[in-house]
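Below: one structure, written as structure tokens.
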Amino acid sequence: MRQLINTQIAGTVELNETSFSWYLWNGELLGDCIAIDTETTLIEDRRRVPELCLISVSDGQRHFVVQPCRLAELLELHLSNGTHLICHNIAFDFPVMDKYLTVCKEAEARNLLWTAVDENRVHDTMLLAVLISLAQNDCDLRPSLESACDEHLGVVLEKDEYRLRFNELKDTAWSDVDVGFFQYAVKDAIATWFLFAVLTHMANEICQKHGVTDEFGFLTESIQVKAAIGLDRITRNGMSIDLDRLKRLRADLESGVSNLVEEIHTIAPDVWRIVTKTGDVAINARTGLPRVNQKALRSYLLGIAERHRLDVLRTGKGEVSLSTKTFWGQHRNLDPLIDLYCEYSGKTKLRSFFAGLNHSRIHPKYETIKRTGRTSCSQPNIQQLPAGSPIREVVVASPGKVLFIIDYSCIELRTLASECHRLFGHSCLRKVLVEGKDPHSYTAAMFADISLDEFEKHSDRKQLRQHAKVFNFGIPAGFGPRSLVDFAKLEYGVDLTVEGAERFIRKLTHDVYPELRIYLSEDTMSILATKLLVAPLELQATWPEPYHLGMLQKIIQGNPYRADGTPYRQTTVDRMWLELHSLCRNPDLLDHITSRNTAAGSPLRYLFESSVSTATGRIRGGVRFTQSKNTPFQGLAADGCKLALWNLTKAGYRVIAFIHDEFVIELPEADHYTEVAADINRICCESMEQFVPGIPVTCEYAVTRRWSKKAEAVYDDAGRLLEWTSPNQK
DNA sequence: CAGGTCCGCCAC
DNA sequence: AAACGTGGCGGACCTG
């Protein structure tokens with residue numbers, strides 16, 4: 001030990017022709033903002049946290065390598081003083097440090113680390129870089145440290161031979177370690193520190209320019225840091241799969257599928273590709289399914305449609321659509337082949353989920369932030385498991401555990417109401433929610449022209465409520481009448497005419513929730529005026545009619561045609577270009593206007609795009625109308641859920657899945673779950689409520705062995721929450 | 001044959 | 001002129 005402390009472990013690294021001297025850390029107090037990087041053994045699998053081998057730190061002035069055994073001391077010295085910690089990819093470094101501190105029983109340091117995250121003092125340059133690029137152009141690529149440094153610092157961090165060999169440090173006295181290991185590690189910490197300096201400066205400017213809050217870190221960085229840690233923990237926790245159940249489900253499905261293959265073969269033999277030598281149906285080796293000849297299938301379907309004088313749906317490329325969901329499913333009775341094809345397609349889709357679940361434990365991976373502010377999931381994507389099908393029920397609680405499933409009630413209506421209230425100072429939807437009414441029932445009662453009390457007694461209330469959901473969901477999302485008709489039919493089985501949809505849209509946005517009319521109104525004029533650096537009134541003088549701007553949009557997209565495909569008159573097009581040129585006061589655009597540059601990447605393409613922000617302070621730059629309408633309430637809900645995830649994780653709950661507004665948590669088996677349910681419910685509601693001030697937030701939950709949509713809260717006579725069991729299991 | 005693109009469908 | 005947005009993934013087909 002003693003020999004480690006002398007100065008022989010030291011050196012100099014170069015970044016961008018600047019030299020940085022580094023030493024072995026010996027207890028010095030660093031500045032109030034330190035970058036930290038951990039080097040570990042190789043990452044073997046998603047369950048295990050790799051072992052800590054070396055730490056490097058930098059406060060921009062001084063740079064050190066730190067032995068793992070001094071991690072606790074390092075954190076205690078700094079974090080108790082309110083120091084900020086910077087990492088690049090906190091989802092990696094946090095669990096490494098946390099695991100090390102846990103194993104070494106360093107409770108105090110561990111507590112300081114968690115508290116620092118909780119108090120928004122832990123940062124992540126990767127997440128910050130993503131948030132900045134989202135604000136700039138709605139791009140959500142996660143940059144590596146190397147590419148972020150290259151882009152923002154102009155520094156090239158070359159990957160070298162040491163990167164993957166840090167396990168060698170475990171059994172070697174540091175005085176004998178090749179200095180290259182230290183050089184490599186120190187560079188990363190220094191680079192991270194300077195990267196953070198540049199990124200926070202950029203983020204701060206963006207926040208100022210858009211006038212958004214930095215209460216949750218610049219561009220909600222703190223929320224994303226918390227989410228990243230929580231999501232990583234979910235991946236490591238993993239989920240148990242009931243392989244027997246999976247097998248049985250699969251066997252059922254297989255027999256159904258092979259019957260269908262037979263039947264289709266007899267009616268339409270060339271739908272299946274044939275192995276010429278053997279004459280057998282060709283099988284896709286990976287899936288075990290017969291190979292489909294889409295050309296043949298399309299011509300069969302088209303033939304049937306023509307015989308019945310049915311206009312077929314076409315794909316974007318003009319091919320006959322094969323979609324069962326949006327087209328053929330509605331014409332099943334026309335011909336046995338259509339029915340068989342729909343059956344087959346549904347069954348094979350279901351079958352496709354089995355591959356990813358075919359392990360006794362699965363460890364789905366999560367991405368912390370996508371464009372809307374939500375997460376994504378892969379390998380397998382547990383966020384897209386069919387909700388109503390028995391396939392979800394192969395996910396089970398681990399031995400000795402039960403699943404606690406909790407999801408928010410109508411959360412996006414709450415965030416929408418909050419947003420309207422924030423923007424316009426009033427919201428009828430908010431009033432409904434504050435009074436504790438069910439917004440779907442309320443809307444349904446309004447449409448039926450009866451009071452909520454009368455509605456509750458109505459015999460058709462269930463169906464009417466379903467009906468109302470179509471509008472409560474679709475209209476805020478910006479659906480037009482025609483989309484609403486399709487949506488109602490497809491998702492809710494509700495028949496609606498275009499006229500009916502128009503009437504309902506008008507009613508909801510004018511009478512029931514008048515704030516929605518303002519919320520959904522589009523101010524194309526002022527977006528364009530901002531880009532051209534002119535007053536909206538000037539534009540209005542030239543282009544008084546809404547369709548003028550519609551034409552302009554088409555023209556600058558290089559697509560000067562009406563919806564029916566007829567081109568605009570050339571004189572009209574020429575006139576609009578001239579008018580645009582004489583109106584424009586933005587020097588950066590004039591040349592593009594003169595040359596009529598409508599190529600992809602031309603700044604003219606972005607003339608009608610604007611930025612949108614959430615109440616939490618995240619920005620999406622360069623978005624169009626519908627995105628800008630969706631983001632404020634969808635993104636706000638996502639942030640609330642992310643904070644709840646962190647608070648659940650911090651409270652020690654074993655979260656095993658996160659499905660946007662739903663958590664699956666494993667709890668130890670118990671006689672009843674009343675108290676723990678109340679605690680989890682409280683954490684979820686309180687986490688969200690700070691984002692929707694004054695609006696109550698409620699959740700629904702259940703305890704069950706198998707993941708199922710059907711599960712619901714069950715109570716005994718004493719009002720205690722019990723485990724739910726599936727009716728068909730008894 | 002690998003890789004890219006299009007299409008379709010699952011979730012929220 | 002009308003507008004739902006995200007994301008992951010599997011299968012067919014095309015391309016070099």
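Chain A is the first sequence line, chain B the second, and so forth, proteins listed ahead of strands; every chain is numbered from 1.
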(request) For Leu385(A), report the nucleic acid contact type (base, sugar-phosphate, nothing); a contact means any heavy atom under 4.0 Å. (result) sugar-phosphate
Side-chain atoms of residues 481-488 of chain A: list all donor-acceptor pairs with protein atoms under 3.5 Å, sequence neighbours left out, distances to 0.1 Å.
none

(request) With heavy atoms under 4.0 Å as the rule, sort Lys709(A) into base, sugar-phosphate or nothing. (result) sugar-phosphate
(message) Under 4.0 Å, heavy atom to any atom of DNA chain C: which of residues 487-496 of chain A qualify?
(response) none
Name the atoms and distances for all side-chain donor-acceptor pairs under 3.5 Å in residues 638-646 of chain A, with sequence neighbours left out.
residue: Asp639(A); atom: OD1; partner: Gln224(A); partner atom: NE2; Å: 3.4
residue: Asp639(A); atom: OD1; partner: Arg618(A); partner atom: NH1; Å: 2.9
residue: Asp639(A); atom: OD2; partner: Thr616(A); partner atom: OG1; Å: 2.6
residue: Asp639(A); atom: OD2; partner: Arg618(A); partner atom: NH1; Å: 2.9
residue: Lys642(A); atom: NZ; partner: Gln224(A); partner atom: OE1; Å: 2.6
residue: Lys642(A); atom: NZ; partner: Thr368(A); partner atom: O; Å: 2.7
residue: Lys642(A); atom: NZ; partner: Gly373(A); partner atom: O; Å: 2.8
residue: Trp646(A); atom: NE1; partner: Asp118(A); partner atom: OD1; Å: 2.8

(request) Check each residue of residues 624-649 of chain A for a non-hydrogen atom within less than 4.0 Å of any atom in DNA chain C, then write out the ones that pass by number, or none. (result) Phe625(A), Thr626(A), Gln627(A), Asn630(A), Gln634(A)
(request) Specify the separation, in whole Å, of atom CG of Leu484(A) and atom C1' of dC4(C). (result) 11 Å
(message) Applying a 4.0 Å non-hydrogen cut-off, can you work out what Gly550(A) is touching in the nucleic acid: base, sugar-phosphate, or nothing?
(response) base
(request) Please check the phosphate of dG7(C) (OP1 and OP2 only) for any side-chain N or O of Arg371(A) closer than 4.0 Å. (result) yes
Filtered N/O pairs between nucleotides 6-8 of chain B and protein, under 3.5 Å:
residue: dC7(B); atom: OP1; partner: Thr315(A); partner atom: OG1; Å: 3.2
residue: dC7(B); atom: OP1; partner: Lys317(A); partner atom: N; Å: 2.9
residue: dG8(B); atom: OP1; partner: Ser321(A); partner atom: OG; Å: 2.7
residue: dG8(B); atom: OP1; partner: Leu322(A); partner atom: N; Å: 2.8

(request) Could I get the full list of ring pair (Phe, Tyr, Trp, His ring centres under 6.0 Å) partners for Phe633(A), not counting sequence neighbours? (result) none
(request) Describe the nucleic acid contact of Asp407(A) in one word from base, sugar-phosphate, nothing, applying a heavy-atom distance below 4.0 Å. (result) nothing
